[in-house]
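This chain uses plain numbering: 1 for the first residue, then up along the sequence.
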Amino acid sequence: KVGWYNAILQPAFHLPYPDDTLAFVVLSTPSMFDKALKPFVNKERLKIIRDPVDQCVSHHLSRAKEKFPNQKVDVIFDYEILPSRKPKFLAQTAAHVAGAAYYYQRKDVKLDPWGKKKIYGVCIHPKYGGWFAIRGLLLFPDIQVPFLQQSAPVDCVSTEEKRIELLEQFNFHWQDGRYRDIIEVKERYSEEQKAYFATPPAERFRLLGLTEAQR
């Protein structure tokens, strides 16, 4: 429910819907790369593709909307920002309140070792660890669900030691991706997918076989 999200955030970040409005958080799993992105790029090869992942997600969420022809469905993507430069929604908070992934933050560590350093939080999924992404929100403004029960996300990094290790790795060594394997995972990105996301955006087109003219 939108109210679960708004209840833990400052008004500046609230979603402008009644508290009981139904919303879905959309995640992409490791297999998205092969099952969705590569086929999408092949199909759209002759069109201008600015950001293949964003356009692929947009394509699939538009198709999801079409499944509800009699419902109003609002879509907010993870990359959208307001004129104030604030994100349209806080993806990790949304995933946490939806019960999709646990958002580990500094406040989850009792004996904080970081002093005045800025420490960012990170979501961990009980099945995929850090090998997933939060892509967007589907909101159903005309569907109110007052009796929907909130499910807590799975606290899969439950020891103080592991939480410190997770936040250390995410904040200071995120490039090596070790934080993604803080728990044992069922599936992770393929080597090809890791290479794609490790490559600067402007050079990713080459990896997908897109030429300059197709950008």
### Between OG1 on residue T29 and NE2 on residue H125, distance to nearest 0.5 Å
9.0 Å
### Message
Just by distance, no angles: are the side chains of R204 and T199 close enough, under 3.5 Å, to form a donor-acceptor pair?
### Response
no
### Heavy-atom donor-acceptor pair, N171 side chain to Y120 backbone, under 3.5 Å
yes
### Query
Would the H59 and F40 ring centres measure less than 6.0 Å apart?
yes
### Query
What are the two closest non-hydrogen atoms of R163 and D108, and how far apart are they?
NH1-O, 2.9 Å
### Task
Kindly determine whether E44 and Q55 satisfy side-chain contact (heavy atoms from CB on, under 4.5 Å), including the steps that lead there.
CA-CA 10 Å; E44 304 296 313; Q55 284 185 249; over 6 Å; no
### Task
Quick one: do T21 and Q144 satisfy side chain to side chain donor-acceptor pair (under 3.5 Å)? Show the steps, please.
CA-CA 5 Å; T21 305; Q144 301 297 302; 3.2 Å; yes
### Message
With rounding to the nearest 0.5 angstrom, report the CE to CD distance, M32 to Q193.
### Response
6.5 Å
### Query
If every non-hydrogen atom of Y17 is compared with every non-hydrogen atom of N6, which pair is closest and at what distance?
O-ND2, 4.2 Å
### Message
Can you pull out every salt bridge (charged side-chain N to carboxylate O under 4.0 Å, His left out) where at least one residue sits in residues 94-105? Sequence neighbours excluded, please.
### Response
none
### Query
In this structure, are over 12 heavy atoms from other groups packed under 6.0 Å from K194 atom NZ?
yes
### Message
Between K88 and L15, is the side-chain contact (heavy atoms from CB on, under 4.5 Å) condition met? List the steps.
### Response
CA-CA 8 Å; K88 280 199 174 177; L15 293 167; over 6 Å; no
#### Entry: E160 (side chain) donor-acceptor with V109 (main chain) under 3.5 angstrom
no
### Task
Determine, stepwise, if the pair Y189 / Y196 fulfils ring pair (Phe, Tyr, Trp, His ring centres under 6.0 Å).
CA-CA 10 Å; Y189 292 176; Y196 178 82; over 10 Å; no
### Task
Mind telling me whether Y79 and F77 have parallel, tilted or perpendicular rings, with 30° and 60° as the class edges?
parallel
### Query
Looking at the rings of F89 and Y5, which for Trp means the six-membered one, are their centres under 6.0 Å apart?
no
### Side-chain touch L148/W4, heavy atoms, less than 4.5 angstrom
yes
### Message
Closer than 3.5 angstrom, by distance alone: can the side chain of K1 be matched with the main-chain N or O of L22 as a donor-acceptor pair?
### Response
no
### Query
Residues two or more places apart in sequence or in another chain: which of them pass side-chain hydrogen bond (donor to acceptor under 3.5 Å, both in side chains) with D176?
R178
### Query
With D19, which residues qualify under salt bridge (Lys or Arg N to Asp or Glu O under 4.0 Å), at least two apart?
none
